[in-house]
Amino acid sequence: MVIPVILAGGSGTRLWPLSRELHPKQLIGLINEYTMLQNTVLRLSGFEAMGRPIVICNENHRFMVAEQLRSIGIDPLAIMLEPVGRNTAPALAAAAFKALEVDENPTLLVLPADHTITHTEKLHDAMREGRDLAEAGRLITFGIVPESAETGYGYIRKGASVNGGSAVVIDRFVEKPDLETAESYVASGEYCWNSGMFMFGCREVLGELERFAPEIVATCREAVEKGASDLDFFRLDNEAFSACPEDSIDYAVMEKTDKGVMISLAAGWNDVGSWDAIWQIGNKDENGNVVKGDVVTHDVSSSLLQGESRMIAAVGIEDMIIVETKDAVLVAPRNRGQDVKKIVSQLKADTRSEAQLHTVVYRPWGSYEGIDMADRFQVKRITVKPGAELSLQKHFHRAEHWVVVRGTAIVTRDDEKILLKEDESTYISLGTVHRLENPGKIPLELIEVQSGSYLGEDDIVRLEDNYGR
């Protein structure tokens with residue numbers, strides 16, 4: 001059995017303002033109608049003996065991950081929640097222990113959730129070769145045949161052929177080079193980009209981790225043994241996992257093992273790490289522009305222009321990035337896309353919400369969108385999924401007015417329950433215990449007007465909650 005391990009952590013700061021801390025790039029549809037996570041899982045369809053995936057993410061993203069998998073018909077083996085980030089070696093060790101619960105020694109296929117691959121059949125061919133080598137005790141990394149001299153990737157130098165096949169022994173890993181060095185690597189034909197994708201048997205990778213990083217194995221074993229199932233999720237034990245050393249699987253194992261091999265992959269791979277990468281893989285018009293949304297241009301070339309909520313007009317620019325969302329606009333030269341993360345760092349230092357949230361915020365029961373806000377009031381549009389309900393709660397600092405604009409609502413107010421239809425409203429006074437439910441078959445939409453001395457999301461006391469918050 002091959003069990004996919006999907007690494008769905010990270011915040012994708014270089015793709016701000018579309019990617020935010022609480023809604024990162026792997027959970028966004030950057031390329032097509034599916035999100036990056038969904039595309040990662042879907043491209044495995046049709047591969048023989050493929051087991052249910054293990055998806056590793058952090059707690060803040062858990063409900064979005066579960067909903068995105070459900071919507072494409074995927075029932076995961078586990079959605080593992082990391083209490084803290086500890087890099088890829090601990091994540092994979094924990095996943096290996098979890099996978100051993102369902103098979104004696106399954107092969108793990110490790111895939112980051114934020115890559116694009118154009119030629120799925122070539123990926124499957126490489127996976128078949130990797131599976132055979134993994135069953136023979138090898139630890140495989142997939143190297144990307146370089147298309148250009150990139151300074152944003154690590155490189156792997158090819159060694160001797162393994163059994164006369166296309167796989168090669170790993171000669172050495174190389175850190176991200178400068179441009180001149182990268183050009184020499186590509187010209188030599190001896191190097192591949194380090195993709196961060198792997199394939200190996202559970203027991204083989206745990207054995208090598210035990211050999212080179214025994215503390216990672218011990219703490220991750222404990223984190224799984226003391227972990228707990230919670231709704232659709234498996235929570236790694238906080239204390240044990242937090243005590244685990246932080247390390248990547250490259251440093252912890254692949255650079256040290258004598259079992260490592262590389263399979264070259266030329267399948268239209270991109271790690272979508274910046275807006276320039278989005279431009280490179282996007283569909284371009286006759287002027288080399290990638291355009292999405294309501295965009296009007298004159299004398300514009302080789303640029304990416306993406307709008308979400310209003311028209312973008314551009315004149316006389318070249319090699320630029322312009323990305324607009326409802327609450328932010330990014331403008332940068334295409335070759336400075338890596339520096340977008342510095343803007344995010346500045347936003348975080350200033351404790352600005354734009355680093356974390358979009359105006360639309362997703363919850364397990366639906367979503368809410370900020371419409372207007374001023375001193376002592378704010379207006380939101382709330383959408384509740386059919387059959388869903390919010391927690392039974394109360395607020396100490398704000399009152400709420402609700403107006404139903406679509407669907408039907410059941411509203412709990414202290415000891416009473418009322419049914420609200422379209423164009424009907426109710427008032428939730430300060431301190432009132434209340435709950436909102438959607439008993440219908442269509443989404444419930446309502447306008448909420450909050451008023452009070454403090455309107456923060458942390459002014460909430462949950463008395464009952466279906467989602468374990």
Side-chain angles (χ1 to χ4, degrees), residues 7 10-16 18-19 24-26 30-31 36 39-40 43 87-88 110-119 122-123 126 140-159 166 168 170-198 248-251 254-255 260 262-284 288-290 302-304 318-321 323 330 332-344:
L7 304 176
S11 56
T13 54
R14 289 173 295 178
L15 287 175
W16 184 90
L18 204 58
S19 178
K25 67 174 180 175
Q26 62 269 22
L30 287 171
I31 307 302
M36 304 290 285
N39 278 313
T40 300
R43 71 173 62 105
N87 214 319
T88 54
V110 181
L111 301 172
D114 55 358
H115 293 178
T116 62
I117 293 178
T118 305
H119 305 296
K122 293 183 178 180
L123 171 66
I140 298 93
T141 185
F142 296 95
I144 305 302
V145 177
E147 298 175 354
S148 59
E150 294 289 338
T151 60
Y153 301 143
Y155 286 70
I156 304 173
R157 187 176 181 183
K158 302 174 185 177
S166 61
V168 297
I170 295 172
D171 180 76
R172 62 188 174 99
F173 286 78
V174 181
E175 291 293 334
K176 298 175 183 178
D178 58 33
L179 181 58
E180 183 178 354
T181 304
E183 289 173 342
S184 70
Y185 288 166
V186 174
S188 73
E190 296 178 356
Y191 292 82
C192 286
W193 293 333
N194 185 359
S195 71
M197 302 189 300
F198 304 93
S248 71
I249 194 67
D250 299 77
Y251 286 125
M254 298 304 294
E255 293 190 9
M262 179 174 66
I263 296 174
S264 297
L265 181 63
W269 174 93
N270 196 299
D271 76 342
V272 197
S274 68
W275 284 113
D276 184 56
I278 298 291
W279 177 82
Q280 289 178 23
I281 63 178
N283 294 322
K284 299 174 181 63
N289 298 316
V290 175
S302 303
S303 295
L304 183 144
E318 182 180 2
D319 296 325
M320 293 294 291
I321 296 165
V323 180
L330 169 70
R334 254 186 42 224
N335 63 1
R336 297 291 301 277
Q338 299 289 336
D339 290 338
V340 174
K341 61 185 177 182
K342 296 180 180 179
I343 293 290
V344 178

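The chain is numbered in sequence order, starting from 1. All heavy atoms count here, side chains included; hydrogens, waters and symmetry mates do not.
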* For S264 and K158, which heavy atoms make the closest approach, and how far apart are they? -> OG-CE, 4.0 Å
* Asked: Do the side chain of S19 and the main chain of G12 share a donor and acceptor less than 3.5 angstrom apart?
  -> yes
* Structure fact -> D339 meets the side-chain contact (heavy atoms from CB on, under 4.5 Å) criterion, sequence neighbours left out, with R336, K342
* Might you work through the side-chain hydrogen bond (donor to acceptor under 3.5 Å, both in side chains) test for R172 and Y191, ending with a clear yes or no? => CA-CA 10 Å; R172 62 188 174 99; Y191 292 82; 3.0 Å; yes
* Give a yes or no answer on whether the side chain of S195 reaches the backbone of I144 with a donor-acceptor pair at less than 3.5 Å. => no
* Do side-chain atoms of T13 reach the backbone of K341 as a donor and acceptor pair under 3.5 angstrom? -> no
* Enter the distance from M254:CE to T88:OG1 here, rounded to the nearest 0.5 Å. => 11.0 Å
* To do: Compare every heavy atom of A113 with every heavy atom of T40, then report the nearest pair and how far apart it is.
  => OG1-O, 3.4 Å
* Asked: Considering only heavy atoms from C-beta outward, does the side chain of M36 approach that of I31 to under 4.5 Å?
  -> yes
* **Listed partners of N39 passing side-chain contact (heavy atoms from CB on, under 4.5 Å), at least two apart** => N32, Y34, R43
* Just by distance, do the side chain of W279 and the backbone of G288 share a donor-acceptor pair under 3.5 Å? -> yes
* Flag, side chain of W275 to backbone of W16, donor-acceptor distance under 3.5 Å -> yes
* N289 (side chain) donor-acceptor with S303 (main chain) under 3.5 angstrom -> yes
* Structure fact -> The salt bridge (Lys or Arg N to Asp or Glu O under 4.0 Å) partners of E190 (sequence neighbours excluded) come to R157
* Asked: Does the side chain of W269 come within less than 4.5 Å of F142's, by heavy atoms?
  -> no
* Hey, is the main chain of G10 close enough, under 3.5 Å, to the side chain of Q26 for a donor-acceptor pair? -> yes
* Asked: How long is the gap from OG1 on T151 to CD on E180, to the nearest 0.5 Å?
  -> 13.0 Å
* What are the two closest non-hydrogen atoms of A126 and I263, and how far apart are they? -> O-CD1, 3.8 Å
* Under the side-chain contact (heavy atoms from CB on, under 4.5 Å) test, which residues partner T181, sequence neighbours left out? -> P177, D178, S184, Y185
* Of all heavy-atom pairs between A277 and N270, which one has the smallest distance, and what is that distance? -> CB-OD1, 3.5 Å
* Asked: If you measure from CZ on F198 to CG on L111, what distance do you get to the nearest 0.5 Å?
  -> 10.5 Å
* Structure fact -> For V168 and G159 the tightest heavy-atom approach is CB-O, 3.7 Å
* Asked: What pair of heavy atoms forms the shortest contact from K176 to G154, and how long is it?
  -> CG-N, 3.9 Å
* R334: partners by salt bridge (Lys or Arg N to Asp or Glu O under 4.0 Å), with sequence neighbours left out -> D276, D319
* If you round to the nearest 0.5 Å, how far is OG1 of T118 from CD1 of I281? -> 7.5 Å
* To do: Report the distance from atom CG of L15 to atom CG of L30, rounding to the nearest 0.5 Å.
  => 6.0 Å
* Asked: Atom OG in S302, atom CD in E318: separation rounded to 0.5 Å?
  -> 5.5 Å
* Is any side-chain heavy atom of S148 less than 4.5 Å from a side-chain heavy atom of W193? -> yes
* Pair Y251-N87, side-chain donor/acceptor within less than 3.5 Å -> no
* Residues in salt bridge (Lys or Arg N to Asp or Glu O under 4.0 Å) with K284, at least two apart? -> none
* To do: Could you tell me whether the side chain of K25 and the main chain of V272 form a donor-acceptor pair under 3.5 Å?
  => yes
